[in-house]
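Only one structure is covered here, and it is reproduced in the block below.
All figures in this text were calculated on a predicted structure; none of them were measured in a lab. Each chain gets a letter, A, B and so on, in the order its sequence line appears, and its residues count up from 1.
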Amino acid sequence: DTGVSQDPRHKITKRGQNVTFRCDPISEHNRLYWYRQTLGQGPEFLTYFQNEAQLEKSRLLSDRFSAERPKGSFSTLEIQRTEQGDSAMYLCASSFAESDTQYFGPGTRLTVL
Amino acid sequence: AQKVTQAQTEISVVEKEDVTLDCVYETRDTTYYLFWYKQPPSGELVFLIRRNSFDEQNEISGRYSWNFQKSTSSFNFTITASQVVDSAVYFCALSEDRDDKIIFGKGTRLHILP
């Protein structure tokens, strides 16, 4: 059973550019979560999906951020018009059902120059 | 409001010593879940344990043990006979039954010195 995978692992971009990250959850996991982790801090919740439905979005998720899970399998997180403050590790996690253990992927480290 | 406090920012111990990482949580829910995750230098969060609020039994897994005390809202983690490979950042976390997101503490960076 493969774990959660994320692509790319690292992304360097210039301020103002758009970036998109992908997350593939553990197969048969219905729930998929996005978190953001900045240096020296714990991960912070961004949003989550039950199958293809986006159930909750954090206030951290500004209008420049959008997440999708079109077929209830993989998910994408897009950041438009990136800012230096967006530099962080973006973590994806999945779980089989509500309140189950969330298993995390390796993360995508974003650096905005 | 939910909150997780890990008062120890950084700990250094010599290999083979025992070390305890403290975690204090706040929640108004009666049903909640507590977690510990390990984040080695590679960056991936590794799940260690999940505990629900109705199960106060202490747990031992090899060199790892966890002490859950509802009376003090604490969920402490002890590593016995520490090894260099235990060096990592450890996060304590909480989720409430009616809300599926996990709230993490700021983490404790553990250095095991050879």
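- The cluster map of Ile, Leu, Val, Met, Phe, Trp and Tyr, joined by side-chain heavy atoms under 4.5 Å apart, puts I26(A) and Y35(A) in the same cluster.
- In this structure, chain B has a heavy atom under 4.5 Å from the side chain of R31(A), while its backbone stays farther away.
- Once rounded to the nearest 0.5 Å, the distance linking OH of Y33(A) with NZ of K101(B) reads 11.5 Å.
- Within a 6.0 Å sphere centred on CD of E10(B), other residues, nucleotides and ligands contribute more than 12 heavy atoms.
- P106(A) and E44(B) get closest at one heavy-atom pair: CB-OE1, 3.9 Å.
- Heavy-atom contacts from other residues, nucleotides or ligands closer than 6.0 Å to CD1 of I12(A) number 12 or fewer.
- Heavy-atom neighbours of chain B within the stretch residues 42-51 of chain A, taken at a separation under 4.5 angstrom, comprise G42(A), P43(A), F45(A), Y48(A).
- Follow the hydrophobic side-chain contacts under 4.5 Å out from L32(A) and you reach L60(A) in the same cluster.
- Heavy atoms of Q37(A) lying under 4.5 Å from chain B belong exclusively to its side chain.
- Hydrophobic clustering, with ILVMFWY side chains joined whenever heavy atoms are under 4.5 angstrom apart, keeps V24(B) apart from F77(B).
- Here T101(A) contributes atom OG1 and L48(B) contributes atom CG; the two are 11.0 Å apart, rounded to the nearest 0.5 Å.
- Within a 6.0 Å sphere centred on CD of E68(A), heavy atoms belonging to other residues, nucleotides or ligands number 12 at most.
- Environment of CZ in R15(A): sparse, with no more than 12 heavy atoms of neighbouring residues, nucleotides or ligands closer than 6.0 Å.
- Taking non-hydrogen atoms and a 4.5 Å limit, the residue list of residues 32-40 of chain B in contact with chain A, ordered by number, reads Y33(B), F35(B), Y37(B), Q39(B).
- Every side chain to side chain donor-acceptor pair (under 3.5 Å) that T27(B) has, sequence neighbours left out, goes to E96(B).
- The number of heavy-atom neighbours closer than 6.0 Å to CG of L39(A), taken from other residues, nucleotides and ligands shown, is 12 or below.
- Of the possible donor and acceptor atoms, one in the side chain of Q102(A) sits under 3.5 Å from a partner among the backbone N and O of D100(B).
- Within 6.0 Å of atom CZ in F96(A), 12 or fewer heavy atoms from other residues, nucleotides or ligands are found, so the atom counts as exposed in its surroundings.
- Under a hydrophobic clustering in which Ile, Leu, Val, Met, Phe, Trp and Tyr are joined whenever their side-chain heavy atoms come within less than 4.5 Å, directly or via other members, I79(B) and V13(B) fall into the same cluster.
- Tracing side-chain contacts under 4.5 Å through hydrophobic residues (I, L, V, M, F, W, Y), one never reaches L91(A) starting from F65(A); they form parts of separate clusters.
- Within a 6.0 Å sphere centred on NZ of K16(B), other residues, nucleotides and ligands contribute 12 heavy atoms or fewer.
- Of the atoms belonging to T9(B), not a single heavy atom falls under 4.5 Å from chain A.
- Contact residues of residues 102-114 of chain B toward chain A are I102(B), F104(B), G105(B), K106(B) (heavy-atom distance under 4.5 Å).
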